[in-house]
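Here the structure is laid out as structure tokens; the discussion comes afterwards.
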Amino acid sequence: MDHLSPGERGKVVRINATGDLRQRLLAMGLLPGVEIELVRIAPLGDPLDFKLRNFHLSMRKNEARNIIVERFNHHGQRGRRKRRHWHW
Amino acid sequence: MGREAGGKEGIGTGRKSCRVAIVGNPNCGKTTLFNELTGARQKVGNWPGVTIEKKTGFLAVNNRIKAEIIDLPGIYSLSAYSLDERIARDYLLKEKPDAIINIVDASNLERNLFLTTQLLELEIPMIISLNLVDAAEKKNLKIDVDILSSHLHIPVVPTVALKGQGIDKITEMIGNVLLGEWHKKMARVRFGADGEKHISEAEELLHEAAERMNLPLRWLAVKLFEGDKEYELLLENKELLDRINEYRGKAEKMVGEDTETIIADYRYGFVCGLVKEAVTVTADIRITLSEKIDAVIASRILGIPFFALVIFLMFKISIDFSQPGIEYIDSRFALLLNWINDQLFTIGAPGWISYIVVNGVIGGTGTVITFVVPIALVFLCLSFLEDIGYLSRGAFVMDRLMHWMGLPGKAFIPLILGFGCNVPGILATRVMENEKDRLITILINPFISCGARLPVYIMIAGAVFARNVGTVVFSLYAAGILMAITVGLIFRRTILKGPSTPFVMELPPYRLPTLKGILLHTWENVWSFVKRAGTLIVAIILLLVVLGYLPVGVTPNSKDSILGKVGLAVSPVFKPQGFANWKASVALFTGLFAKEAVVGTMGALYGVESINPDSSGGRGRIKSSTLRAKIARDFTPLSAYSFLLFILLYSPCVATMGAISKEAGLKWAVFSVLFNTAAAYIISMGVFQIGTLIKTLF
Ligand SMILES: Nc1nc2c(ncn2[C@@H]2O[C@H](COP(=O)(O)OP(=O)(O)OP(=O)(O)O)[C@@H](O)[C@H]2O)c(=O)[nH]1
Ligand SMILES: [Mg+2]
């Protein structure tokens, strides 16, 4: 997720974080399939300001690195959030 | 308020007392609602063992029920990872309040309702306060309250806590719920056909355990299925745990995702579905006002200058504006001192009583009170910045710099405030969530050269270094900063080791704060400082005053007083540092009152006329030319520099000790005194010895 550039959007594919961080991200609704936009980078290059589910979340590159996103091809392309059905 | 609730069961005449917890995401208006509900009848304390605020207050729900309202810390979920979450979860599940008011931010429904889906599983009667509906309207969101209510099977009350709208309705609804009028089953999230199968199998196994652990069955089953560490440890029957983990393993293998994620996804799925039905977007706004503001003040170019401006203003307000206040209080106190002195004289009290009462008790109290002004102003600024939402932007902008020291961005403000006075600097660490980060920030704060040390630098450097006073003073400031950074890094790697906390922080939209909220918060902080730190400060000052006065008959604080004798006895200890004279040692003692007292003491001891007798005040006017000459005789430039370094680094003053003790505990205050003094001793010695060596070599 740290590879996005400001203004770029993508879809979360996988979260590699563990433990505390993972819990925190899940609670914030950062789940596979959710749409996310990198809004800006802090003046000193870190942390990053993301927008998802209509709110802003900032995190360090270190943390963002653990979240794999699939970049949208065109700026502003809207991916429909699909309800997922798990078969377990 | 106090409307008749149509309860059925008769509850006698006396008022029933109940407990109602306010639960919700951070920054959704919990404290504002709490203040509206409880008015002035509130109590602020801490949760046992931690510095997180615990607020309770009372609400007369109706003529049958009196409810104790508890303001829980803001949380995003009920997992047991962060301290806030653990406090909230323990309170809800162990203390079991009679009802929950779940505050939900209407302008950010999706994320807020995630927590709601967890609360629904706790089997505690609940109502929702759909707060910030005004903010939602500004975002052009129209929310159908009835749909929310009917889907969740609980009452939903739209509120604007800031303006007190909907408060009566909340009170009425709590009354209904507490009287047992609400017995409909609350909604629950279903985790898909397969998931439900696994969970109900787990429920079958867990009946007994849930009863013994006094937990709702489904909640326990779901949590164990997610692999909740706390409950896994609590579960005595390990065979059971193995069985459940087996289901978990199977499920995870099938889906290729861990159960935590799957469960969270179902919860969010439920919430998204609900939001889609209940919310209509009347007009799509792409960029909110908050985002427009951030595009300027958090931008790459303006972010840092704007932050610097904010800090500058805060500094200006809290330090400069407090000067007149301090002077006023000081002058009033001087009058009071004289008056009490006279009174004591007229009633014929012995001299020693007057001296100790006036200088120790009253003087000590005066010291505490002079700190009240800057502290109040700092908290006024901090509360304002926090409530309006700028504090998190400041953390965003400065995080990189602080991260380098192993600290989060929020540590910046307390450190900067330390330049004014370490006491508000230390109290300002309250905005930090992580305990270890907070402790480090507290412990390194005394190394930041506070305003009280500047007159000392100027006096001594002015006497000894003819031309380079500015350079010397600057180097001392720099040495303080360097020391703070070094010690911070050392602590992070040794005694306060810990995974550097992941930095994931919400940037909430800017919001207009209320004057009432800010004043209330400021008042709470000031009062708790006076109460807790104040007593320690007065006690220490009293001790030093007594030591300076005894034995009876000597000139206070002279060579013959206990303090002077101790100074004399102690002074050889400072031989390696090059300032083994008793006057310097006594000045270091009195410097514990307040660092600027060094100036007064040096003045008094170097026998300059026209100094007010109590050296602790340290505000006497000094004829500086003669004094300078006398001081210059006792110090070489090298020993003077080593003395100044010692003053910069050694034990924090009593007010700072009080603040550390209040925020981190007495243990850490003692640690700080010992550690800093040892560090000062070693560093001044190093500087003096190396300096002497260089001088002899060249
Ligand atoms: N516009 C608007 N602002 C509100 C409302 N309720 C609260 N606020 C503002 O929102 C901000 C946060 O309110 P708080 O009551 O401190 O929120 P909290 O949930 O206690 O926050 P934490 O204790 O940090 O979790 C303050 O600036 C309030 O003035 C509301 O209904 N409408
Ligand atoms: Mg609050």
Side-chain angles (χ1 to χ4, degrees), chain A residues 1 5-7 9 12-35 37 39-67 76 78 80-88, chain B residues 75-77 79 81-82 107-111 114-115 139 191-192 194-195 198 250-252 254-255 257-258 260-266 268-269 271-273 290-291 294-295 298-304 307 392 395-401 403 409 499 501-509:
Chain A
M1 201 156 82
S5 39
R9 285 135 58 88
V12 175
V13 181
R14 200 171 60 243
I15 300 164
N16 291 333
T18 53
D20 196 345
L21 178 61
R22 182 184 191 86
Q23 270 293 329
R24 190 78 186 258
L25 296 175
L26 292 181
M28 296 280 204
L30 218 153
L31 293 160
V34 83
E35 225 177 88
E37 174 186 345
V39 179
R40 75 172 52 81
I41 301 173
L44 299 171
D46 200 19
L48 313 171
D49 171 3
F50 293 100
K51 185 173 182 183
L52 76 153
R53 297 187 192 268
N54 259 318
F55 73 95
H56 286 255
L57 190 64
S58 84
M59 65 179 97
R60 289 184 184 146
K61 283 185 175 160
N62 237 346
E63 276 89 47
R65 201 159 294 142
N66 293 318
I67 301 160
R78 239 164 226 270
R80 249 173 45 80
R81 195 182 302 136
K82 271 205 330 270
R83 245 324 262 122
R84 287 217 265 172
H85 284 283
W86 306 94
H87 294 285
W88 32 357
Chain B
I75 50 173
Y76 295 107
S77 83
S79 59
Y81 280 96
S82 81
S107 66
N108 192 354
L109 261 188
E110 218 169 285
R111 204 204 54 222
F114 176 79
L115 176 65
K139 273 176 120 176
F191 302 107
D194 303 308
H198 288 305
K250 256 194 254 164
E252 290 184 345
M254 272 164 87
V255 190
E257 210 39 281
D258 63 315
E260 260 176 345
T261 311
I262 304 169
I263 297 276
D265 195 63
Y266 269 104
Y268 264 104
V271 168
C272 288
S290 277
E291 288 171 326
D294 270 346
S299 67
R300 284 213 101 145
I301 299 163
L302 288 177
I304 290 179
F307 181 75
S392 50
F396 177 71
V397 168
M398 295 317 291
D399 183 74
R400 186 70 256 275
L401 203 67
H403 186 37
T501 32
F503 180 83
V504 177
M505 181 185 68
E506 189 188 351
L507 294 171

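Excluded from the calculations below are hydrogen atoms, water molecules and symmetry mates; all remaining heavy atoms, backbone and side chain alike, are included. Chain letters run A, B, ... following the sequence lines, proteins first and then strands; every chain starts at 1.
You'll find the side chain of Asn54(A) stays beyond 4.5 Å of the side chain of Glu110(B), heavy atoms only. Ser58(A) is listed as a side-chain neighbour of Phe503(B), based on a closest heavy-atom distance under 4.5 Å. By the 4.5 Å heavy-atom criterion applied to side chains, Arg22(A) and Thr261(B) are counted as neighbours. Residues His56(A) and Asp294(B) fail the side-chain proximity criterion, which asks for heavy atoms closer than 4.5 Å.
At a 4.5 Å heavy-atom cutoff, Ser290(B) makes no contact with chain A through either its backbone or its side chain. Both the backbone and the side chain of Leu401(B) have a heavy atom closer than 4.5 Å to some heavy atom of chain A. No part of Ala395(B) comes within reach of chain A, as not one of its non-hydrogen atoms sits under 4.5 angstrom from that chain. For Leu25(A), the part lying under 4.5 angstrom from a heavy atom of chain B is the side chain only.
Listed by chain and residue number, Gln23(A), Ser77(B), Glu85(B) satisfy the side chain to side chain donor-acceptor pair (under 3.5 Å) test with Ser79(B) (two or more places apart in sequence, or in another chain). Under the rule for a side chain to side chain donor-acceptor pair (under 3.5 Å), Arg24(A) has no partner lying at least two apart in sequence or in another chain.
Comparing Asn108(B), Leu302(B), Ile75(B) by how many heavy-atom pairs each has under 4.5 Å with chain A, the most go to Asn108(B). Comparing Ala298(B), Pro509(B), Gly303(B) by how many heavy-atom pairs each has under 4.5 Å with chain A, the most go to Ala298(B).
Annotation: the span from Ile262(B) atom CD1 to Leu31(A) atom CG amounts to 11.0 Å, rounded to 0.5 Å. Atom-to-atom distance recorded for Glu257(B):CD and Ile15(A):CD1 is 7.5 Å, nearest 0.5 angstrom. From Phe396(B), atom CZ reaches atom CG of Leu44(A) across 10.0 Å, with rounding to the nearest 0.5 Å.
Under a cutoff of 6.0 Å and an axis angle of 45°, Arg53(A) and Phe114(B) do not form a cation-pi pair.
In terms of heavy atoms, Pro43(A) sits closest to Val397(B) at CG-CG1, 4.1 Å.
Not one N or O on the side chain of Tyr76(B) forms a donor-acceptor pair closer than 3.5 Å with the backbone of Met28(A).
The local environment of CZ in Arg14(A) is sparse, with at most 12 non-hydrogen atoms from other residues, nucleotides or ligands closer than 6.0 Å.
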